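Protein chains get the first letters and strands the later ones, always in sequence-line order, with residue 1 at the start of each. This structure is a prediction, so every number in the text was calculated from the model and none was measured.
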2 protein chains.
Amino acid sequence: MRLSTRAQYAVRAMVDLTLNSNGSPVSLREIASRENISLNYLEQLFHRLKKGAVVLSVRGPGGGYLLARDSASIRLGEIVTLVEEPLAPVACMDEGKKGCTRGDVCVTHMVWQGLGERIRGFLDSITLADLVREARGEEKR
Amino acid sequence: MRLSTRAQYAVRAMVDLTLNSNGSPVSLREIASRENISLNYLEQLFHRLKKGAVVLSVRGPGGGYLLARDSASIRLGEIVTLVEEPLAPVACMDEGKKGCTRGDVCVTHMVWQGLGERIRGFLDSITLADLVREARGEEKR
DNA sequence: TAATAGTTGACAATAATAGTAAGGTATGCT
DNA sequence: AGCATACCTTACTATTATTGTCAACTATTA
Ligand code: FES
Ligand code: FES
């Protein structure tokens with residue numbers, strides 16, 4: 001039941017981005033060095049984040065990434081889902097895949113389904129703005 | 001965020017075991033064939049379940065496994081934890097491991113911690129007895 | 001003693017993850 | 001124009017975890 005590092009990195013990077021942006025784009029190079037994440041790896045993550053429309057990119061010198069929306073409207077669930085394809089805890093509810101081995105009805109199915117909903121629900125209850133506020137609080141101390 | 005098949009199989013097998021036991025031991029061979037799980041694989045799982053004291057084994061002909069306790073006192077969280085070592089969603093809270101890359105305080109840490117608690121809490125809110133009751137209900141229909 | 005069934009440890013195939021590398025494209029600055 | 005910056009894209013590799021298989025062994029009972 002592990003979260004991929006992709007998800008962890010993506011969230012950290014998004015917090016960093018929000019924290020260090022003063023309206024102007026933030027380059028991945030900066031984020032990578034601050035958060036100590038491989039630049040190329042980060043690029044892959046932001047590619048997905050951009051496709052998912054949580055960030056915008058500005059090319060050229062002085063370019064970088066910007067939040068596409070207000071940080072209060074970006075939920076962690078979104079970020080995680082974008083970089084970590086399957087959020088569902090079991091394979092049988094991916095797509096069309098018929099139930100697990102034991103054909104017909106599977107008692108445990110609803111359990112995993114419920115679990116998945118909890119996970120998503122929790123992650124969706126937290127916004128980027130929440131984390132940033134938190135981080136600012138820590139800083140000032 | 002995938003659950004291992006180990007966890008899925010273990011829960012299914014435990015339900016099967018409870019459902020098909022009339023006080024006498026149930027052999028893994030039976031369970032394996034009913035649930036369509038490799039026998040040797042199941043053996044590994046039950047080895048862990050036995051170490052975790054949720055089942056007892058009876059050797060020799062006519063032997064098999066029995067619940068070690070009442071099904072109402074066996075929570076899914078227990079079963080899952082036993083067969084799937086790390087239930088914590090991130091590595092940094094495994095043991096002693098100091099925080100992720102960015103030394104000091106990590107804003108996201110508490111998020112993952114909260115997530116872990118939700119997962120465990122949900123799984124612990126469901127007992128084997130709940131599932132068995134459910135399964136019996138489906139059967140009668 | 002023969003058959004059953006759990007016990008144990010080693011091992012192999014597969015898949016996913018994590019990370020690297022390299023080249024390309026758009027943009028702004030001098 | 002030309003250079004530097006920084007995003008964009010694809011391909012590839014290494015590592016690890018998962019999933020399972022095999023084989024030999026021990027306890028127990030009929
Ligand atoms: S069919 Fe989904 S868990 Fe069995
Ligand atoms: S220290 Fe635990 S998530 Fe960063």
Quick note, R29(A) side chain, CB onward, closest among dA3(C), dT9(D), dA6(D) is dA6(D)

Give the intermediate values and the outcome of side chain to side chain contact (heavy atoms under 4.5 Å, CB included) for residues S73(A) and T127(A). CA-CA 7 Å; S73(A) 79; T127(A) 71; over 6 Å; no

Quick check on dT7(C): is either OP1 or OP2 less than 4.0 Å from any side-chain nitrogen or oxygen of K50(B)? yes

Output the single nucleotide from dT21(D), dT7(C), dT17(C) whose closest atom is nearest the side chain of S57(B). dT7(C)

When we call it a touch if two heavy atoms are under 4.0 Å apart, what does V83(A) touch: a base, just sugar-phosphate, or nothing? nothing

Below 4.0 angstrom from OP1 or OP2 of dG20(D), is there any side-chain N or O of T5(B)? yes

Mind listing the closest non-hydrogen atom pair of W112(B) and P89(B) along with its distance? O-CG, 3.3 Å

Determine whether a donor-acceptor pair (one donor, one acceptor, N or O, separation below 3.5 Å) exists between the side chain of R59(B) and the base of dT4(C). no

Let me see the working for V80(A) and V11(A) under side chain to side chain contact (heavy atoms under 4.5 Å, CB included), right down to the final yes or no. CA-CA 7 Å; V80(A) 171; V11(A) 173; 4.2 Å; yes

Can you find a side chain N or O atom of S27(B) that sits less than 4.0 Å from OP1 or OP2 on dT4(C)? no

Picking from dT20(C), dT27(C), dT19(D), the nucleotide nearest the side-chain atoms of P61(A) would be dT27(C)

On DNA chain D, more 5' by nearest nucleotide between Q44(B) and G60(B) is Q44(B)

Is S38(A) near enough to dT20(C) that one of its side-chain N or O atoms lies under 4.0 angstrom from OP1 or OP2? yes

Short side-chain N/O contact to dT8(C) OP1/OP2 from H47(B), under 4.0 Å: yes

Could you tell me which nucleotide pairs with dA30(D) by Watson-Crick or G-U wobble geometry, both distances under 3.5 Å, or answer none if nothing does? dT1(C)

Among dT19(D), dA22(C), dG20(D), the one nearest E43(A) by side-chain distance: dA22(C)

Enclosure of R29(A) CZ (heavy-atom neighbours >12, cutoff 6.0 Å): no

Look at the rings of Y41(B) and Y9(B) and say which category their plane angle falls in: under 30° parallel, 30 to 60° tilted, over 60° perpendicular. perpendicular

What does F46(A) touch in the nucleic acid at a heavy-atom separation under 4.0 angstrom: a base, only the sugar-phosphate, or nothing? nothing

Any side-chain N or O of Y65(B) below 4.0 angstrom from OP1/OP2 of dA5(C)? no

Taking only side-chain N and O atoms of Y41(A), does any of them lie within less than 4.0 angstrom of OP1 or OP2 on dT13(D)? no

